[in-house]
Amino acid sequence: MSDPILPGVPVEVPPEGLLIGEAAAVCGLSVDALRHYEREGLTLHPAPRSPSGRRRYGPRDLAWLGGLVMLRRTGMPIAAVREYAALAREEGTDAKRLDLLERHRAEVVERLERTRTGLAAIDRKIASCRNALGMDADT
């Protein structure tokens with residue numbers, strides 16, 4: 001299994017990389033959130049620094065960050081993301097990473113099914129209310 005794990009961020013990255021504000025914006029994060037991710041050990045490796053000491057993010061960094069954002073948006077807890085990142089830094093952990101992703105997928109599917117069931121109930125209630133008001137179901 002190769003990493004970065006998931007969808008990259010489609011942006012032209014200059015050879016020197018993007019500054020932290022640019023990288024955060026491209027990934028849909030605030031600078032504070034990106035710094036937090038780094039402090040929490042969620043990045044694959046520390047961001048390289050320019051000669052002046054400023055963080056620079058290349059395409060691989062952005063792809064990893066895009067994956068982190070996606071995992072967090074699907075509800076993966078920080079602890080699980082940290083575990084995934086730690087495993088990704090180690091050779092021979094493909095099976096463990098796969099297991100972690102499959103467990104998360106099962107949780108997402110379960111949550112999605114609960115949401116679909118709830119949405120269907122809301123739709124039935126809306127239809128009932130519209131019917132009581134003498135309205136078409138589609139208006």
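All values reported here derive from a predicted model rather than from experimental measurement.
- P51 pairs by the side-chain contact (heavy atoms from CB on, under 4.5 Å) definition with nothing, not counting sequence neighbours.
- Between G58 and V13 the shortest heavy-atom distance is CA-CG1, 4.1 Å.
- Two residues are said to be in side-chain contact when any heavy atoms from C-beta on lie closer than 4.5 Å; H36 and D32 fail this criterion.
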**Message:** Between R54 and L19, does the side chain to side chain contact (heavy atoms under 4.5 Å, CB included) criterion hold? Intermediate values first, please.
**Reply:** CA-CA 7 Å; R54 299 176 79 182; L19 294 171; 3.5 Å; yes
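- No donor-acceptor pair closer than 3.5 Å links the side chain of E113 to the backbone N or O of E110.
- Ion pairing between a basic and an acidic side chain is recognised when a charged N comes within 4.0 Å of a carboxylate O; E38 and R55 show such pairing.
- Between the side chain of R89 and the backbone N or O of L44 there is at least one donor-acceptor pair closer than 3.5 Å.
- Taking every heavy atom of both residues into account, P48 and H45 meet most closely at CD-CE1, 4.4 Å.
- Here the straight-line distance linking atom CG of L100 with atom NZ of K96 works out to 11.5 Å at 0.5 Å rounding.
- Put simply, OG on S30 and CD1 on I20 are 9.0 Å apart, with the number rounded to the nearest 0.5 Å.
- In this structure, R56 has no side-chain hydrogen bond (donor to acceptor under 3.5 Å, both in side chains) partners at least two apart in sequence or on a different chain.
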**Criterion side chain to side chain donor-acceptor pair (under 3.5 Å) on T93 and R97, from CA distance to verdict** = CA-CA 6 Å; T93 61; R97 286 183 280 161; 3.2 Å; yes
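- The shortest distance between side-chain heavy atoms of C27 and L68 does not fall below 4.5 Å.
- Partners of R72 by salt bridge (Lys or Arg N to Asp or Glu O under 4.0 Å), not counting sequence neighbours: none found.
- To the nearest 0.5 Å, atom CG of residue L34 and atom CG of residue D61 are 9.5 Å apart.
- R111 contributes atom CZ, which lies 7.0 Å from atom CZ of R114 (distance to the nearest 0.5 angstrom).
- The closest side-chain heavy-atom distance from L65 to T43 is below 4.5 Å.
- Put simply, the side chain of V26 does not reach to within 4.5 Å of the side chain of Y57, judged on heavy atoms.
- Each of L42, L101, V108, I78 was evaluated against L71; a single residue qualifies, L101, per the side chain to side chain contact (heavy atoms under 4.5 Å, CB included) test.
- R103 CZ: more than 12 foreign heavy atoms inside a 6.0 Å radius.
- Within 6.0 Å of atom CZ in R49, more than 12 heavy atoms from other residues, nucleotides or ligands are found, so the atom counts as buried in its surroundings.
- Remark: I126 CD1 to M135 CE distance equals 10.5 Å, nearest 0.5 Å.
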